[in-house]
There are 2 protein chains.
Amino acid sequence: MAHRSSSSSSRHVADTSLEVLAAVFTVRPGGTPHTGTPPGLHVLLWQRAQEPDLGRWALPGGIVLPSEDVDASASRQLAEKVDLTRVSHLEQIGVFSAPDRVPGVRTVATGFLGLVPLITQGDHDPQIPADTAWHPVDRLPEMAFDHRVITERAHQRLQAKLSYTNLAFALAPASFTVAELRRIYTCALGHDVDPTNLQRILTRRGMLEATGTTAPPGPSGGRPAAMYRFTLREYRVTDPFAAFRPR
Amino acid sequence: MAHRSSSSSSRHVADTSLEVLAAVFTVRPGGTPHTGTPPGLHVLLWQRAQEPDLGRWALPGGIVLPSEDVDASASRQLAEKVDLTRVSHLEQIGVFSAPDRVPGVRTVATGFLGLVPLITQGDHDPQIPADTAWHPVDRLPEMAFDHRVITERAHQRLQAKLSYTNLAFALAPASFTVAELRRIYTCALGHDVDPTNLQRILTRRGMLEATGTTAPPGPSGGRPAAMYRFTLREYRVTDPFAAFRPR
DNA sequence: CCAAAAGTGTTCTCGTTACACCCATGT
DNA sequence: ACATGGGTGTAACGAGAACACTTTTGG
């Protein structure tokens, strides 16, 4: 067994443990004044109560069990922090394996990108543990170990995939107006998006359909906005070819 | 240490080992008649000489050492199979962690996509070990464990990145004609590519520049082809926006 | 002078952007 | 009525695909 002989001495095994770490993003609605939550894209973090890196903020996750693969492990461990039915997308973003990335036993992490839909006023703000909070991605706190790098990589992946896949469904509620959808894209991408074209592009790609209902207008009047939904609520690549289409 | 307590009993540790596996691709030139090597995209595989999966073909790789991260490990282990200076690109494609993916000790693999430039008649066919061979990707042999899945994922990643990055540099020799470059794209993508537009697109993106020299024409005459090189021989995303450009 | 291969120029099409204009509702 | 926001139409632009045409070599 040539390619495995190097670790055959299973005593004094230089034990490595395998963990998963998930950067779970959501778009928070415009700042409710009293809470002071700023609008924009947020990440779920929990604050460490022990050394090392006491007080710093960490990504949710933990050790992979012998009976599960890393994807199942990420799902399971997120269930402790946030309602699993709300996690609408979860995907690997890479392995973080620098030998000294955490002190103590060598621990290799598989990073994940997770997405949770925008909370609309209809449903209740889902409960998260006391040591856990949503943080705006443009003002991340002091983070534990290499978790900041993992968070940034996940954010980059999200931005890239928003333009050529239907991944936005995972950040959007079941139904929404074009203005709400625009806010989701704007927050996640970090730059403005034209609502006119957004609707047309997504409609042409067959991603969007009208529900038939309308949302009530705001306090200052205005035409009521039509509600839309995504035709498909599972991940799909919608525009795979930047160049060199098959002929 | 809440999120790590589950593995704190470091005796009877359900030991997991971490391996790297690299799907290394190259484009082989048109079939030299006596060897019978078919043209197209090929993967480097070695044939197992022990159980389990004796006789099946496996991806090169091996166990990650405590002192190295997975990327360094993949580089190191490839050096045993193929000259490292020829491996022009190496990137993670994902974690393969099904509990039963290999018999025996639980082994989690990090899959890699590797690329080696096309062999031109100038340089000598680099030596590879006796149990190792290049296999065409469209006719893969019986493969060990889950290595076929890893190979296919790597191939998909290669195809996707060829259209919106400069990744082709890693498959191309130092200088080449547009016709040779077209063959590289055709083989890697699996569909035909118009040489006219290929040159213009890559030129407009600033990826291509003429060397000034020309290649001698073939035996049946014809205009001598100009030689080109890639302006940049390191990975870069050239066309990141499929839609929703910043304004 | 003809065949073969490489390179250039032109048109067509399609998707995205930008922006003006029309529509529906509350006050 | 009119202000306020939502939705539609249309022109401009850019990138890629398709294809005819010119250029340069060997026989």
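Order of the sequence lines sets the chain letters (A, B, ...), proteins ahead of strands, with each chain counted from 1.
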I want to confirm an ordering. Mapping B:F244 and A:P224 to their closest nucleotides on DNA chain C, which one lands closer to the 5' end? B:F244

Distance in angstrom units between B:Y185 OH and D:dG16 P, rounded: 12 Å

At the 4.0 Å heavy-atom cut-off to chain B, mark where contacts on DNA chain C begin and end, going 5' to 3'. C:dA4 to C:dA18

Atom-pair distance (CG on B:D239; P on D:dG16), nearest Å: 6 Å

Do B:E91 and B:D71 have side chains that approach each other closer than 4.5 Å (heavy atoms only, starting at C-beta)? no

Could you label the plane-to-plane angle of the B:H89 and B:F169 rings as parallel, tilted or perpendicular, counting under 30° as parallel and over 60° as perpendicular? perpendicular

Rounded to whole Å, the CZ-P distance (A:R182 to D:dG6) equals 9 Å

Test item: B:I128 and B:W46 side chains (from C-beta on) under 4.5 Å apart, heavy atoms: no

The reported gap from OG1 in A:T231 to CG in A:L208 (rounded to nearest 0.5 angstrom) is 7.5 Å

Identify the heavy atoms of A:R157 and A:I93 that sit nearest to each other, and give their distance. NH2-O, 3.3 Å

Nearest whole Å is fine: how far is D:dA17 P from A:F241 CZ? 11 Å

Rounded to the nearest 0.5 Å, what's the gap from CE on A:M227 to CG on A:L181? Could you check? 11.0 Å

Does any non-hydrogen side-chain atom of A:L202 lie less than 4.5 Å from one of A:Y185? yes

A:L140 side chain reached by A:W57 side chain, heavy atoms, under 4.5 Å: no

Between B:A226 and B:A243, which residue's closest nucleotide on DNA chain C lies nearer the 5′ terminus? B:A226

Interatomic distance where OH belongs to A:Y228 and C1' belongs to D:dT8 [whole Å]: 10 Å

Any residue of residues 192-206 of chain A with a heavy atom less than 4.0 Å from an atom of DNA chain D: A:T196, A:Q199, A:R200

